[in-house]
Amino acid sequence: MKYINNLPSNQKPEVYGLHDNADITKDNNESMQLLAGVLLTQTQIITSGNEDNIETIVKNLTSEILFKIPEQFNIEAVSEIYPVDYKNSMNTVLKQELIRFNNLIKLIKDSLTTLQKAIKGQIVISTLLEQIFTSISIGKVPIIWSTKSYPSLKPLGSYINDLLNRINFFQDWIDNNVPNVYWISGFFFTQSFLTGILQNYARHHKIPIDLVGFEFKICDFFETTVKSPHLSVFIRVIIIFNEQKNENFNL
Amino acid sequence: MNKKTKILIYKKFILNIFQGLFLEGARWNEQMEKLDESKFKVMFDELPIILVKPGIKANFKPSPSYLCPVYKTSARRGELTTTGHSSNFVMFITIPSDIDESHWIIRGVASLTQLDD
C-alpha cells in the first residue's frame with residue numbers, strides 16, 4: 001500500500017519513451033486551447049482602467065503598421081537589373097518572390113486604409129472589416145491576409161516584424177546582388193528557390209534535373225562579416241567563392 | 001582560430017549557404033557534430049548555417065543520418081498547391097546521427113523555418 005501511494009500520480013513522459021520536453025509541449029497546447037476557448041466566448045474585449053477605447057488602440061496600431069511597411073517593390077526596375085536568364089534561375093526566383101510580396105503588401109495596405117476610413121465613419125463597416133478589426137484588437141493576423149500570405153502562426157506583432165525582415169532580405173538582394181548566405185525562412189515559396197538552385201546546376205552541367213539532388217553539411221560556424229560580394233568570412237571556416245575553382249565537396 | 005579552421009573555395013551557386021532553420025524535438029550537438037537529444041526546457045534549437053551543394057543523386061555517399069523534414073510552421077501540415085507542392089512542407093535535409101532513424105521519427109524531430117512567436 002505504502003509503495004503504491006509513493007507512485008507519482010502523474011506519469012512522466014519517459015514512461016512512454018518520450019522526452020521530458022513532450023510534457024511542456026502538451027501543457028503548452030492545453031493552455032493555448034483553453035485560452036482560445038475563453039477568447040471565443042468574448043464578443044468584445046473590454047479594457048478596464050484604461051481611458052483608451054478599442055477603436056483608438058486599433059487606429060493607432062493600423063497607422064503604425066501602415067507607417068512601418070514599405071512601398072511595393074518596383075518589379076520593372078528589378079527585371080532590368082536581374083533579367084530572365086537561362087544560366088541563372090535565381091533572377092526568376094527573385095522576381096516571382098517580389099510579385100508575391102507585392103500582392104501581400106498591397107492587400108495589407110488596402111485593408112488597413114479602408115479600416116481606418118471605417119473607424120472614422122467615412123465608409124460603412126462590412127463583415128470583412130469587422131473581422132479585421134477584431135483580429136487586430138486581439139493581436140491576431142486577420143484571416144484575409146493569410147489567404148495571400150506565406151504560412152505563419154505568429155501573432156500580429158511578430159508577423160509584421162517577420163514580414164519586414166523578409167522585405168529587408170529581398171531589398172538587400174536587389175541592392176547588393178545575390179546574398180552569400182540565404183535566409184531560407186525569408187522565402188514565400190521556398191520550393192521554387194530550391195528548384196532554382198537545382199536548375200542552375202543542371203543547366204550548367206547539361207544533365208537532367210531529376211538526377212540532381214542536394215547534399216547537406218551542417219557547420220557550427222557563424223558568420224562574422226559578409227559584405228564583400230565574393231568573400232564570406234566565418235569564425236572557423238573561410239569560404240571563397242571563386243569562378244575558376246573546382247567543385248569538390250570535401251568538407 | 002583553432003584547429004578546425006578550413007579554407008574552402010567554391011563557385012558561387014555551386015555551394016549555397018542556408019541560415020535560419022530551427023530543430024524541434026532534438027538539437028544539434030556542436031561538439032559531436034551530430035543530432036542529439038534536446039536539453040530540458042529548450043523546445044527549439046537553432047541550427048547553425050547549412051552548406052548545401054547540388055550534385056548527381058547517384059553519386060551521393062550515404063552516411064548514418066536522419067532524414068529530417070523541413071516545415072514552414074510548427075503546424076506541420078499544409079495544403080496541396082497547384083504546383084504540386086505542399087504549402088507547409090519544404091524538403092528533407094540529412095542530419096548526421098549515430099542513433100537509429102526510427103528513434104528520431106518517434107521523437108517527431110522536424111526542422112522549422114520559423115517559430116510561432
Side-chain angles (χ1 to χ4, degrees), chain A residues 17-21 24-25 28 88 90 150-155 158 162 178 180-187 189-192 194 197-198 200-202 204-205 207 211-223 230 232 234-245 247 249 251, chain B residues 1-2 4-21 25-26 28 30 33 37-43 47-58 60 70 72-75 78 81 83 85-88 90-91 93-96 106-107 113-117:
Chain A
L18 299 169
H19 193 269
D20 277 353
N21 283 351
I24 303 178
T25 313
N28 266 347
N88 187 0
M90 280 304 138
Y150 43 86
S152 176
L153 298 175
K154 289 177 186 291
S158 340
D162 183 51
V178 184
N180 282 333
V181 177
Y182 293 104
W183 181 47
I184 192 166
S185 323
F187 290 94
F189 186 45
T190 326
Q191 288 93 337
S192 80
L194 297 170
I197 297 179
L198 291 180
N200 273 348
Y201 184 83
H204 187 262
H205 293 268
I207 39 176
L211 293 181
V212 181
F214 286 119
E215 276 183 299
F216 301 94
K217 166 86 184 169
I218 300 175
C219 280
D220 53 337
F221 309 118
F222 286 94
E223 192 184 349
H230 294 295
S232 297
F234 294 84
I235 296 175
R236 273 184 274 170
V237 66
I238 300 165
I239 295 173
I240 300 166
F241 291 117
N242 186 315
E243 292 304 319
Q244 277 84 47
K245 246 354 205 197
E247 308 148 10
F249 198 70
L251 293 162
Chain B
M1 298 264 223
N2 65 24
K4 275 192 175 169
T5 306
K6 289 171 187 166
I7 296 182
L8 309 167
I9 301 176
Y10 289 104
K11 268 186 193 169
K12 201 160 186 176
F13 299 123
I14 297 300
L15 183 75
N16 300 276
I17 308 171
F18 290 179
Q19 189 200 0
L21 286 177
W28 174 247
E30 286 183 15
E33 303 203 332
E37 297 290 349
S38 1
K39 287 182 180 154
F40 185 51
K41 288 182 184 171
V42 182
M43 306 304 288
L47 275 174
I49 58 161
I50 304 179
L51 310 184
V52 180
K53 179 186 171 283
I56 298 166
K57 274 188 225 163
F60 291 168
V70 181
K72 287 181 186 164
T73 69
S74 66
T81 58
T83 50
H85 294 96
S86 163
S87 62
N88 209 327
V90 180
M91 60 167 166
I93 57 171
T94 49
I95 303 180
I106 293 170
R107 281 273 190 274
T113 62
Q114 50 172 345
L115 301 182
D116 302 345
D117 49 6

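Order of the sequence lines sets the chain letters (A, B, ...), proteins ahead of strands, with each chain counted from 1.
- With a 4.5 angstrom heavy-atom cutoff, A:D162 touches chain B only via side-chain atoms.
- With respect to chain B, the highest number of heavy-atom pairs below 4.5 Å among A:S185, A:S192, A:S158 belongs to A:S185.
- Ranked by heavy-atom pairs under 4.5 Å with chain A, the list B:S87, B:S38, B:G78 is led by B:S38.
- Not counting sequence neighbours, the partners of A:P151 by the side chain to side chain contact (heavy atoms under 4.5 Å, CB included) test are B:K72, B:T73.
- Of all non-hydrogen atoms in A:N21 and B:K41, the two that sit nearest each other are OD1-N, 2.9 Å.
- Closest approach of A:Q191 and B:H85 over heavy atoms only: CG-CD2, 3.4 Å.
- Most heavy-atom pairs under 4.5 Å with chain A, from the set B:S86, B:P96, B:G20, B:G55: that is B:G55.
- The nearest pair of heavy atoms linking B:N16 to B:P54 is ND2-CD, 4.0 Å.
- Per-residue counts of heavy-atom pairs under 4.5 Å with chain A were compared for B:I95, B:T81, B:I56, B:N88; the largest is that of B:I56.
- Annotation: side chain to side chain donor-acceptor pair (under 3.5 Å) contacts of A:D20 (sequence neighbours excluded): none.
- Proximity to chain A (any heavy atom under 4.5 Å) is restricted, for B:T83, to the side chain, taken from C-beta onward.
- Only the backbone of B:V42 comes within contact range of chain A, with heavy atoms under 4.5 Å apart.
- Closest non-hydrogen pair, A:F214 versus B:F60, comes out as O-CE1, 3.3 Å.
- The candidate from A:T25, A:I207, A:L194 with the greatest count of non-hydrogen atom pairs under 4.5 Å with chain B is A:L194.
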